[in-house]
Amino acid sequence: QVQLVESGGGLVQAGGSLRLSCAASASTFSSYGMGWFRQAPGKEREFVAGINWSGGTRFYADSVKGRFTISRDNAKNTVYLEMNTLKPEDTAVYYCAAGLGTRSIYEYDYWGQGTQVTVSS
């Protein structure tokens, strides 16, 4: 079992930045790919960013490419999502997940409880 806890969400103005963190409980963290997904009210959960076990391969949704950066620190069992130039449409609950680190929601086995990101205009 892998337990994931997100933090760093909050309320920011459009154009601002936030860095989300996801702390994993497992010492085998480095063997998992990691991903960030988000879900806005009334919408399905969507892929945001993914990273493989080593951090050498990254994936991004087109909507965030160039603005968001996913990274990981295996020594700290933590994955990050740096979000810059935030837009109101980025408003959602952001979820951390452990799996293959790919774009598919079906390739993740463990999920955090989410952290709210609200971007005001």
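For the numbers below, each heavy atom of this structure counts, side chains included, while hydrogens, waters and symmetry mates do not.
Side-chain contact check for Tyr94 and Arg38: at least one donor-acceptor pair (N or O, by modelled atom type) lies under 3.5 Å. Side chains of Thr118 and Gln116: a donor-acceptor N/O pair is present below 3.5 angstrom, by distance only. There is no side-chain donor-acceptor pair under 3.5 Å between Asp73 and Thr78.
Between Ala40 and Thr91 the shortest heavy-atom distance is CB-O, 3.8 Å. Across Arg72 and Ser30, no two heavy atoms sit closer than the pair NH2-CA, 4.0 Å. Scanning both residues, Val2 and Ser25, for their nearest heavy atoms gives C-OG, 4.0 Å. Shown here for Arg67 and Asp90, the closest heavy-atom pair between the two residues is NH1-OD2, 2.8 Å. Looking at every heavy atom in both residues, Val119 comes nearest to Lys87 through CB-O, 3.3 Å.
Taking the six-membered ring where the residue is Trp, the centroids of Phe59 and Phe47 are separated by 6.0 Å or more. Between Trp53 and Phe29, the ring center distance fails the sub-6.0 Å criterion.
Formation of a donor-acceptor pair under 3.5 Å by the Arg45 side chain with backbone atoms of Gln39 is not found in this model. At least one donor-acceptor pair closer than 3.5 Å links the side chain of Thr115 to the backbone N or O of Gly9.
Cluster membership for Tyr32 and Tyr108, using ILVMFWY side-chain heavy atoms within less than 4.5 angstrom, is not shared. Leu86 and Tyr80 fall into different hydrophobic clusters, where Ile, Leu, Val, Met, Phe, Trp and Tyr side chains are chained together by heavy-atom contacts under 4.5 Å. Tyr95 and Ile105 end up in the same hydrophobic cluster when Ile, Leu, Val, Met, Phe, Trp and Tyr side chains are linked at under 4.5 Å. One hydrophobic cluster holds both Val117 and Tyr60 under the rule that ILVMFWY side chains link at heavy-atom gaps under 4.5 Å. Residue Val93 is not grouped with residue Val48 when hydrophobic side chains (ILVMFWY) are merged at heavy-atom distances under 4.5 angstrom, including chains of intermediate members.
At most 12 non-hydrogen atoms from other residues, nucleotides or ligands lie less than 6.0 angstrom from CD of Gln113. Residue Glu89 qualifies as enclosed at atom CD: its count of foreign heavy atoms under 6.0 Å is above 12.
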